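In what follows, a structure is listed as structure tokens, so that the remarks can point back to it.
Everything quoted here is computed from the prediction, not taken from an experiment. Proteins get letters first, then strands, A, B, ... in listed order; numbering begins at 1 in each.
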There are 2 protein chains.
Amino acid sequence: MTQPISKCTIKDVAARANVSVGTVSRVINGNPTVSREIVNRVTAAIVELGFKPNAAARSMRSNATKTIAFVVSDISNPLFAKIANSVERILKDNGFFVLFANTGNNRDREIKLMTLLDVGRVDAILLTVSDEKDPEILGGIKASRLPIVLLDREIDIDLDAVFSDHRSGMKKAAEYLWRLNHRRIALITGSLSERPGRERLAGFMEAHTDLGARFSPDLVRSGSLSEEFGFQETYDLLAHADRPTAIIAGGNRLVAGAIRAIRQLKLRIPDDISLIGCDETDLSNLLDPPLTVIARDMEAIGRAAGLILLRRLSNGAELKPAKVMLPTDFIIRGSCAELSGRAT
Amino acid sequence: MTQPISKCTIKDVAARANVSVGTVSRVINGNPTVSREIVNRVTAAIVELGFKPNAAARSMRSNATKTIAFVVSDISNPLFAKIANSVERILKDNGFFVLFANTGNNRDREIKLMTLLDVGRVDAILLTVSDEKDPEILGGIKASRLPIVLLDREIDIDLDAVFSDHRSGMKKAAEYLWRLNHRRIALITGSLSERPGRERLAGFMEAHTDLGARFSPDLVRSGSLSEEFGFQETYDLLAHADRPTAIIAGGNRLVAGAIRAIRQLKLRIPDDISLIGCDETDLSNLLDPPLTVIARDMEAIGRAAGLILLRRLSNGAELKPAKVMLPTDFIIRGSCAELSGRAT
DNA sequence: CTGAAAGCGCTAACAA
DNA sequence: TTGTTAGCGCTTTCAG
């Protein structure tokens, strides 16, 4: 095994192989205009010296870092982690690294991050912003010279983006509950300043409209995707006399909060309350009864995002922004009960 | 808002402010030997031009990238994600970015990654290797000129490391089951070529020895930390006539597999089988009954790792490698039953 | 086909 | 206190 005792540069290789640095560079970059003879000599020298081209110097010349940033609110959310995993896999195959950054849903951090990254540190950004309307955030995005791919966000700037079809999944879920004779269905979901919250609400309302059903505003709780919000709203919903018979928790953390609240109130799923969750997690399968969910393929989302990024990076800026919509899947399991009596 | 239409360099700033590039550099780096007057002028020029110092050029000079690599088998494992999150937070506060890479527990990928990173792309590595004895992996680590912090791994090279005290947690768990009159206790855990698997087994054995208990080898299944392994071994364990009365699943994915197997066999926890898991996940709290677990503070692990890294990076290589052992916590919940009859 | 040389943007001597 | 300049390691003309 070669021991790269001290950092060695292209110069050392050149000296060792008795060629010029330019030639070494050509060999490294697979330039075909080098004779077999010399390629061999240089390659040998590279191996013997354990030479590795310095990334900083390269990116300084080429203006490419071969790394992309993955910016989300919280990488420890298993969903983001899955997307990150998938993104990394596809990007790695193309010689890219993934830098990741948490914003903690903090507006200022998001803005700061944009400028921190836009210094030749990464070639592009995979982004999930916390507020699609915030002028400062939009300003930061506009000011960035980097290609950006949006993850499930819709803003006023025309960018590459990959979306999930929350709306139709939600619609199916609400209709399903209706068919089980539920008439008081509650929805807990994220803020309306983020696409997932808006789309889920839209699907929920669409279902009601199509069904000719009345829509009870106090049964809709939109605010945040946090577990805490899920807990509080579920608790509040169920503590009232006129409680819903079913809850749709529109967000994977919200589900955890909802279940916690249901437990605490000593209610049973689905006998006392029917529950539908979002996204596949350990919870959905391993809960007893298993959870009926609106799911999506995180792997596919990451793959799509990675592919779009690669496309943009190789085809330049003239490309029309790609918008990819990925489906959701409504998976019926055991967490919803059929109601016998017609509740109006 | 300043629009950085075209990339502008230190030179442009110098021209604009009527000073030399050296002075601009001094201002950027907060060198105190610059007059107030000029600092203001340069700062103004920087703001007006929207100048941001190029990271590649800087790291080429300073030999520091201000980014560290986080290398694990699978970032989508919620535990790693939590550590990553915590690491990122502490490192970010010190101006560092985190690059992450999945190895998928693939030996070759681990080795390749080391050389891919050791090109001035990162300043240090946070590492979890898949096999502590593999000579090629060890070779790769030795060959690396980068500071490395090991996460819960023990190898023949003296490096910074942070460990979890799996052993004592496991011991407590086994003793607890014994006190509940369990006499056939099974352990499913990871490979013995990784520290967690070894330590968990050691704790398990220690408990038996201290208790003067016989030790049934076929009740110990060590192999992998995957959910699939957890499923298969649990299934196998429970399908036999002479089945254990309790299972300890030593690994967070193993728990998921174990529960799945138990469900499939239509067994109830804890009436038919007692179960102890490892690490806090949604599962542990939200399962019914909630899971008794050997837990640890992932946040603390990430913080410790980040701090050690920072220390090494600022104090240089002469420092004696730090070894930090973080505790585990045995949390009793409802997944273990007390046996009445003495089953010898 | 190969070598020489000019930078990429920045920092850090060394001068002034 | 400020300006000048020599590189950091590499790629890429431009000659030869």
Side-chain angles (χ1 to χ4, degrees), chain A residues 4 6-43 45-46 49-67 95 115 117-123 145, chain B residues 4 6-43 45-46 49-67 95 116-123 145:
Chain A
S6 63
K7 47 220 72 185
C8 106
T9 79
I10 205 175
K11 242 179 185 164
D12 304 311
V13 177
R16 172 94 173 198
N18 258 312
V19 294
S20 73
V21 291
T23 302
V24 176
S25 173
R26 281 177 209 118
V27 172
I28 293 169
N29 296 290
N31 187 319
T33 75
V34 186
S35 72
R36 281 189 83 55
E37 154 87 34
I38 291 212
V39 169
N40 292 152
R41 224 161 68 212
V42 171
T43 308
I46 288 177
L49 261 30
F51 164 78
K52 296 169 202 154
N54 179 284
R58 289 189 113 169
S59 72
M60 188 157 131
R61 296 283 333 195
S62 59
N63 246 336
T65 58
K66 281 293 198 176
T67 112
T115 79
L117 290 170
D118 192 5
V119 294
R121 196 180 273 285
V122 299
D123 296 341
R145 291 156 304 187
Chain B
S6 62
K7 47 220 73 185
C8 104
T9 79
I10 206 175
K11 244 179 184 164
D12 304 311
V13 177
R16 173 95 173 197
N18 259 312
V19 294
S20 73
V21 292
T23 301
V24 176
S25 173
R26 281 177 208 118
V27 172
I28 293 169
N29 296 290
N31 187 317
T33 75
V34 187
S35 71
R36 281 187 83 53
E37 153 88 33
I38 291 212
V39 169
N40 292 152
R41 223 158 70 212
V42 172
T43 310
I46 288 177
L49 262 30
F51 164 79
K52 295 169 202 153
N54 179 284
R58 290 188 114 171
S59 73
M60 189 157 129
R61 295 281 337 192
S62 59
N63 245 337
T65 58
K66 281 293 197 177
T67 113
L116 241 38
L117 290 170
D118 192 3
V119 293
R121 196 180 274 286
V122 299
D123 296 340
R145 290 155 306 185

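Dashed line: the shortest gap from a side-chain N or O of B:Thr9 to OP1 or OP2 of C:dC8 is not under 4.0 Å. Contact annotation: B:Thr23 side-chain N/O to D:dG3 OP1/OP2 distance is under 4.0 Å. OP1 or OP2 of D:dT11 lies within a sub-4.0 Å distance of a side-chain N or O belonging to A:Asn29.
For B:Asn54, taking side-chain heavy atoms from C-beta onward, the closest of the listed nucleotides C:dC10, D:dT2, D:dC10 is C:dC10. The B:Ser20 side chain lies nearest to D:dG3 when the options are D:dG3, C:dC10, C:dT11. Among C:dC1, D:dG9, D:dT2, the nucleotide with an atom closest to any side-chain atom of B:Ile38 is D:dT2. Counting only heavy atoms from C-beta on, A:Arg61 has its side chain closest to D:dT12 among D:dT12, C:dC1, C:dG3.
Using a 4.5 Å heavy-atom cutoff, the side chains of B:Asn54 and B:Thr9 are not in contact. Contact annotation: the side chain of A:Arg36 never approaches that of A:Val39 to less than 4.5 Å [non-hydrogen atoms, C-beta and beyond]. A 4.5 Å side-chain heavy-atom check between B:Thr65 and B:Arg121 finds every atom pair outside the cut-off. The side-chain heavy atoms of A:Ile28 and A:Ile10, taken from C-beta on, include a pair separated by under 4.5 Å.
For the pair B:Ile10 CD1 and C:dC10 C1', the computed distance is 6 Å after rounding to whole Å. Nucleotide C:dC10 holds its C1' atom 20 Å from the CZ atom of A:Arg58, rounded to whole Å. Rounded to an integer number of Å, the gap from NZ of A:Lys11 to C1' of C:dG3 is 15 Å. One interatomic measurement links the two molecules: CG of B:Asn31 to P of D:dT2, which rounds to 10 Å at whole-angstrom precision. Atom P of nucleotide D:dT2 and atom CD of B:Glu37 are separated by 8 Å, given to the nearest angstrom. Residue B:Arg36 contributes atom CZ, which lies 13 Å from atom P of D:dT2 at whole-angstrom precision. Distance, A:Asn40 CG to C:dC1 C1': 15 Å, rounded to whole Å. Distance CE (B:Met60) to P (D:dA6): 16 Å, rounded to an integer number of Å.
Looking at A:Thr43, A:Val42, A:Leu49 one by one, the single match for side-chain contact (heavy atoms from CB on, under 4.5 Å) with A:Ile46 turns out to be A:Val42.
Interatomic distance, A:Lys52 NZ to B:Asp118 CG, rounded to the nearest 0.5 Å: 4.0 Å.
Within the nucleic acid shown, B:Thr33 comes within 4.0 Å of at least one base atom, counting heavy atoms only. Among the heavy atoms of the strands lying under 4.0 Å from B:Val19 are primed sugar atoms or P, OP1, OP2 only; no base atom is included. Counting any heavy atom pair closer than 4.0 Å across all strands shown, A:Ser25 reaches a base atom.
Between the side chain of A:Asn29 and the backbone N or O of A:Asn31, no donor-acceptor pair lies under 3.5 Å.
Here the closest heavy-atom approach between residue A:Ala45 and residue A:Arg16 is recorded as CB-CG, 3.5 Å.
Nearest-nucleotide positions on DNA chain D place B:Pro32 closer to the 5' end than the other of A:Ser62 and B:Pro32.
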Distances under 3.5 Å between nitrogen or oxygen atoms of protein and nucleotides 13-16 of chain D:
| from | atom 1 | to | atom 2 | distance (Å) |
| --- | --- | --- | --- | --- |
| D:dT13 | O4 | A:Arg26 | NH2 | 3.3 |

